[in-house]
Protein chains: 2
Amino acid sequence: MNKNQSLPWDHPRFRSWIAVARACQLMQQSLARALAHLDLKPPHLDILVNLFRFEGISQQELARKLLVGRSNMSMLLPQMEKRGLIERRGDRQDKRVLRLYLTEEGRRITQDAMTIQTALIDRMLSDAPIEECEAIAVHMERIVGLLMQEEREPQEATGDQ
Amino acid sequence: MNKNQSLPWDHPRFRSWIAVARACQLMQQSLARALAHLDLKPPHLDILVNLFRFEGISQQELARKLLVGRSNMSMLLPQMEKRGLIERRGDRQDKRVLRLYLTEEGRRITQDAMTIQTALIDRMLSDAPIEECEAIAVHMERIVGLLMQEEREPQEATGDQ
DNA sequence: CCGATAATGTTCAACTATGAACAATAAAGT
DNA sequence: ACTTTATTGTTCATAGTTGAACATTATCGG
C-alpha cells in the first residue's frame with residue numbers, strides 16, 4: 001500500500017502536475033491584477049467570455065460550464081446586470097429559466113478583457129511551440145472528460161479502500 | 001488594439017490554457033472528494049506535503065511556497081496542531097519564527113494522502129508519455145518563474161496602458 | 001547604544017464560494 | 001386530470017481566503 005521508498009517528487013507525473021497547479025494559481029493571481037483596472041475579477045471574465053461565445057445560455061448551463069454551483073451564478077449575475085454588463089430575459093417557453101445576453105457595454109468590456117487575458121497567456125506560453133500547446137490541450141481535455149464523467153458516476157476507482 | 005476578427009478560441013495557446021485551468025479546477029474537486037475520508041482538504045495536504053519534504057520550515061516560508069498569504073497559515077496551522085498532525089516549535093535564534101514539524105501521526109496521514117493524490121494524478125496522466133510530462137513540467141515551471149519574478153517587480157508588461 | 005526600518009506571526013473585517021432548503025415551474029406516471 | 005418527480009433559480013448559514021492593522025522581535029545606520 002505504501003511504497004515508502006519512492007517519494008512523489010521523484011515521480012515525473014507528480015512533479016509535472018504540481019507545476020501545472022502552481023502555474024494555474026499564479027496565472028489566476030496575475031490575471032486578477034491585470035484585470036483590476038477594468039473592475040473585473042477572473043470569475044466575472046469567465047462569465048463574460050462564455051456569454052460572448054454562447055449567447056442566450058441559461059444560468060444553469062453557465063454554471064455547469066464554469067464548474068461552479070448555480071448559487072454562485074445567482075450571486076454574481078444580478079450584480080453584473082445592475083452594472084449593465086449583461087441582461088437576463090425569461091424564456092417564454094420555460095418560465096423557470098433566465099437566458100443571458102451581453103449588453104453592448106458588456107461586449108466592449110469583454111473584448112478588452114479578452115485582449116488582456118490572451119496577451120498574458122501568449123506571453124507565458126511564448127516559448128511553447130504551437131504543436132506542443134495542442135498536445136497539452138489534448139491531454140487536459142481528456143482529463144476534463146474523465147473527471148466530469150466520474151463526477152456523475154459515484155464509483156471511485158482510486159486508492160479508495 | 002482589438003484584433004476584432006480573431007476570436008480567442010481560434011488561438012491555440014488560449015484554448016490550451018483554458019483546458020489547463022479547467023483540468024486544474026476539476027482535479028482540485030476530485031482530490032477533495034478522494035481526501036474526504038481522511039478528513040483532509042487540499043490545502044491541508046499541500047501543507048503536509050511541504051512539511052514532509054521541508055521539515056523545520058517557518059510559517060512564512062511555507063506560505064510563500066504555497067502561494068498564499070501568511071494569515072492563511074495562521075488560521076490553518078494551529079488547527080492542525082490541535083489535531084496532532086503537526087508541531088510548532090519556536091526558533092531559539094529568532095524568537096519571531098515558528099518552525100514546523102510533522103508528528104508521527106502527521107507523517108502517516110501524509111503518506112496515505114500522498115498515495116491517494118499520486119494515484120489520481122497517475123490515472124489522469126496515464127496516457128501521457130513520461131517525456132511529454134517532463135516537457136509540460138518545464139513549460140509550467142518556466143511560467144511559475146516568470147510570474148513570481150513579475151510579482152516582485154511592479155512593472156507590468158502586458159496590455160496595461 | 002539607540003532610533004529607524006524590516007520581518008514574523010496573529011487578529012479581524014470583508015469578500016467569495018458552497019451546499020442545503022425552498023418556491024415556482026415543467027415533465028412524467030398513473 | 002392529478003399526483004409525483006425533476007429542474008431552475010434564489011436565499012441563507014457556513015466555511016475559506018485575503019489584506020490591513022497590530023505586537024513582537026531582528027537588523028541596520030548612525
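Proteins get letters first, then strands, A, B, ... in listed order; numbering begins at 1 in each.
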J.: Touch check for Arg88(A), heavy atoms < 4.0 angstrom, all strands: base, sugar-phosphate only, or nothing?
T.: sugar-phosphate
J.: Classify the ring geometry of Phe52(B) against Trp9(A): parallel below 30°, tilted from 30° to 60°, perpendicular beyond 60°.
T.: tilted
J.: Could you tell me the separation between the CG atom of Leu77(B) and the C1' atom of dG9(C), rounded to a whole number of Å?
T.: 10 Å
J.: Let me know the distance between CD1 of Ile47(B) and P of dG9(C), rounded to the nearest Å.
T.: 13 Å
J.: State plainly whether one hydrophobic cluster holds both Leu31(A) and Val20(B), where clusters connect Ile, Leu, Val, Met, Phe, Trp and Tyr through side-chain heavy atoms under 4.5 angstrom apart.
T.: yes
J.: Less than 4.0 angstrom from a charged side-chain N to a carboxylate O is my criterion; do Glu134(A) and Arg15(B) meet it?
T.: no
J.: Determine, stepwise, if the pair His44(A) / Asp39(A) fulfils side-chain hydrogen bond (donor to acceptor under 3.5 Å, both in side chains).
T.: CA-CA 9 Å; His44(A) 300 135; Asp39(A) 198 22; over 6 Å; no
J.: Are the side chains of Ile18(B) and Met140(A) in touch, meaning some heavy atoms are under 4.5 Å apart?
T.: no
J.: In this structure, how many angstroms lie between the P atom of dG9(D) and the CZ atom of Arg64(A), rounded?
T.: 10 Å
J.: Would you kindly check if the NZ (Lys) or CZ (Arg) of Arg89(A) is within the cone defined by 45 degrees around the ring axis of Tyr101(A) and under 6.0 Å from the six-membered ring centre?
T.: yes
J.: For nucleotides 12-25 of chain D, read 5' to 3', which letter fits each nucleotide if B means a protein heavy atom sits under 4.0 Å from the base, S means only the sugar-phosphate is that close, and - means neither?
T.: ----SSBB-----B
J.: Inspect the contact between Arg107(A) and Glu55(A) and indicate whether a charged nitrogen and a carboxylate oxygen are less than 4.0 angstrom apart.
T.: yes
J.: Any idea which heavy atoms bring Leu120(B) and Ser30(B) closest together, and the distance?
T.: CD1-OG, 3.8 Å
J.: How long is the line joining CE of Met80(B) and C1' of dG9(C), in whole Å?
T.: 17 Å
J.: Between the axis at one end of the helix from dC1(C)-dG30(D) to dT30(C)-dA1(D) and the axis at the other (five pairs apiece), what's the angle to 10 degrees?
T.: 20°
